[in-house]
Protein chains: 2
Amino acid sequence: MPTPAKPTRLTPVHSELATMLAQCGLKVTRPRLAVLKIFKNSTHPISVQEVAAALPSLPTIQASPPINSVTIYRVIDSFRQKGLIREVNLRHGHLDYEIIEHLDDHHHIVCTSCGLVEDFYGCGATSLIRTAIKNSRNFATVNEHTVELFGLCRKCISL
Amino acid sequence: MPTPAKPTRLTPVHSELATMLAQCGLKVTRPRLAVLKIFKNSTHPISVQEVAAALPSLPTIQASPPINSVTIYRVIDSFRQKGLIREVNLRHGHLDYEIIEHLDDHHHIVCTSCGLVEDFYGCGATSLIRTAIKNSRNFATVNEHTVELFGLCRKCISL
DNA sequence: ATTCTAAATGCAAGTTAGTTGCAACAAGTA
DNA sequence: TACTTGTTGCAACTAACTTGCATTTAGAAT
């Protein structure tokens with residue numbers, strides 16, 4: 001009779017999120033799993049306030065006491081420090097955050113009238129970065145870059 | 001005897017700043033001249049707080065009552081709306097603002113360790129913008145763009 | 001399993017940035 | 001010079017965010 005697989009406490013999605021946390025040296029806690037799940041679920045960059053507003057909809061959070069807002073700030077800051085998320089400014093009057101999927105070349109077009117956000121990939125910054133470093137007196141390396149485009153979406157331009 | 005030149009109340013620099021304000025439909029007031037002068041003088045993007053801190057050093061301000069902080073917020077917001085200044089995120093924990101000199105292609109490299117900021121020009125975004133619009137389902141025009149590079153300066157990389 | 005320790009969380013209180021409503025004032029115009 | 005509208009200053013307010021500290025807990029050591 002074959003040994004039955006040992007039951008694990010973590011659901012598959014939990015184990016994926018838990019691994020992400022563990023790999024960057026963060027302890028796996030309920031608030032961190034929850035906030036990370038919000039970022040995973042979100043299709044676009046979101047603010048601290050939006051994270052806070054989305055948390056109560058998670059089953060794991062509904063089942064237990066709500067997460068203190070101080071904790072949300074600290075969790076988001078730890079994610080940012082560890083490079084799990086990045087800060088983006090879409091000129092919505094505050095900063096937003098989004099998960100960093102890989103070493104992706106991922107950017108946004110924002111409508112300055114209605115705020116609509118669309119993604120685009122591949123900004124071809126590598127050659128730009130090379131020449132920028134060559135021309136710079138002070139800089140040695142560039143690890144990250146942001147590119148955001150601001151314009152008008154089709155709906156707003158025809159208003 | 002030749003007619004003496006009529007004395008003008010505005011110094012040359014005032015008239016230049018005043019013209020900038022008038023050209024975008026803003027009334028020429030003491031707070032606006034002062035804040036605009038701070039932006040003109042600054043070599044790099046600055047925050048609302050830095051503007052407020054710099055104002056008392058201006059002779060015109062020293063000579064009269066200080067400018068209310070509410071007014072600073074409103075002046076900066078009016079400048080941003082009129083396109084005199086732009087908002088930039090250098091990941092210093094807040095938003096900064098800098099004067100828009102022309103239709104310039106002006107960007108920054110920021111040291112993620114010490115915060116040093118250096119300018120660079122010409123990011124070659126025009127072709128990027130063309131392909132981004134072509135690939136976009138929703139967007140029709142792009143009027144503005146931001147490009148910021150984040151890395152380590154020579155000093156910090158050797159620490 | 002149990003114990004241990006550093007890290008993470010929650011709470012309460014405080015600080016600061018930024019906003020709003022309104023009355024007084026002043027720039028630009030007739 | 002007077003008028004009108006936009007601008008400013010003040011006071012009060014709101015919300016974002018921070019700090020200090022006691023409690024709890026994840027992960028590692030035993």
Side-chain angles (χ1 to χ4, degrees), chain A residues 6 8-10 14-15 17-36 46-56 58 60-61 63-82 84 87 89 91-97, chain B residues 8-10 14-15 17-36 46-56 58 60-61 63-82 84-85 87 89 91-97:
Chain A
K6 254 227 185 101
T8 159
R9 277 223 174 62
L10 296 171
H14 264 181
S15 74
L17 298 176
T19 307
M20 288 180 65
L21 293 173
Q23 279 180 348
C24 49
L26 293 172
K27 287 188 179 173
V28 179
T29 65
R30 197 176 65 97
R32 286 187 179 152
L33 284 171
V35 172
L36 188 54
I46 52 179
S47 65
V48 177
Q49 313 306 324
E50 286 170 308
V51 172
L55 281 172
L58 291 183
T60 50
I61 302 304
S64 349
I67 295 176
N68 192 284
S69 63
V70 178
T71 302
I72 302 177
Y73 284 107
R74 291 198 271 226
V75 166
I76 289 179
D77 198 54
S78 67
F79 286 4
R80 190 190 47 74
Q81 277 183 42
K82 296 297 185 178
L84 279 174
E87 200 181 280
N89 175 15
R91 301 194 187 175
H92 290 166
H94 55 258
L95 296 176
D96 289 302
Y97 300 88
Chain B
T8 159
R9 277 222 175 65
L10 295 172
H14 263 179
S15 75
L17 299 177
T19 306
M20 288 181 66
L21 293 174
Q23 278 180 348
C24 50
L26 293 172
K27 285 188 180 173
V28 178
T29 65
R30 195 176 65 96
R32 288 189 177 148
L33 284 171
V35 172
L36 188 55
I46 51 179
S47 65
V48 177
Q49 314 305 324
E50 287 170 308
V51 171
L55 280 172
L58 292 182
T60 50
I61 302 304
S64 347
I67 294 176
N68 192 285
S69 63
V70 178
T71 302
I72 302 176
Y73 283 109
R74 292 197 271 227
V75 165
I76 289 178
D77 198 55
S78 68
F79 286 4
R80 189 190 47 73
Q81 277 183 43
K82 298 295 184 179
L84 280 174
I85 59 176
E87 201 180 278
N89 175 12
R91 300 194 185 175
H92 289 167
H94 56 256
L95 296 176
D96 289 302
Y97 299 89

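Just so you know, these numbers use all the heavy atoms, side chains as well, and skip hydrogens, waters and symmetry mates. Below, read A as the first sequence line, B as the second, and so on, with proteins coming before strands; counting in each chain starts at 1.
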Mind calculating the distance between [atom1] ([X]) and [atom2] ([N]) to the nearest angstrom?
X       : N      : atom1 : atom2 : result
A/Ile76 : D/dT18 : CD1   : C1'   : 15 Å
A/Gln23 : D/dG27 : CD    : P     : 14 Å
B/Tyr97 : C/dA17 : OH    : C1'   : 12 Å
B/Tyr73 : D/dA12 : OH    : P     : 19 Å
A/Ile67 : C/dA8  : CD1   : P     : 15 Å
A/His92 : C/dG18 : NE2   : P     : 18 Å
A/Gln81 : C/dA7  : CD    : C1'   : 13 Å
B/Leu21 : D/dT7  : CG    : C1'   : 13 Å

Quick check: does any side chain N or O of B/Glu50 sit under 3.5 Å from a backbone N or O of B/Ser47, one acting as donor and the other as acceptor?
yes
Side chain B/Arg80, main chain B/Glu87, donor-acceptor under 3.5 Å:
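No; zero donor-acceptor contacts below 3.5 Å.
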Among C/dT9, D/dT18, C/dA8, which is the nearest nucleotide to the side chain of A/Val70?
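Among C/dT9, D/dT18, C/dA8, the one nearest the side chain of A/Val70 is D/dT18.
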Partner of B/Val75 under side-chain contact (heavy atoms from CB on, under 4.5 Å), chosen from B/Ile72, B/Thr71, B/Asp77
B/Thr71
Phosphate oxygens OP1/OP2 of [N]: is one of them under 4.0 Å from a side-chain N or O of [X]?
X       : N      : answer
A/Thr71 : C/dG10 : yes
A/Thr29 : D/dT25 : no
B/Asn68 : D/dT8  : no
A/Gln49 : D/dC17 : yes

Under 4.0 Å, heavy atoms only, any strand: does A/Pro31 hit a base, just the sugar-phosphate, or nothing?
sugar-phosphate
Value rounded to 0.5 Å, distance of NZ in A/Lys82 from CG in A/Leu26:
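Rounded to the nearest 0.5 Å, the NZ-CG separation comes to 5.5 Å.
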I'd like to know if the side chain of A/Ser78 pairs up with that of A/Gln81 as donor and acceptor (distance under 3.5 Å, no hydrogens or angles considered).
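The criterion, which ignores hydrogens and geometry beyond distance, is not satisfied for A/Gln81 and A/Ser78.
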Once hydrogens and angles are ignored, does a donor-acceptor distance under 3.5 Å link the base of [N] to the side chain of [X]?
X       : N      : result
B/Arg32 : D/dG6  : no
B/Arg74 : D/dG6  : no
A/Lys27 : D/dT25 : no

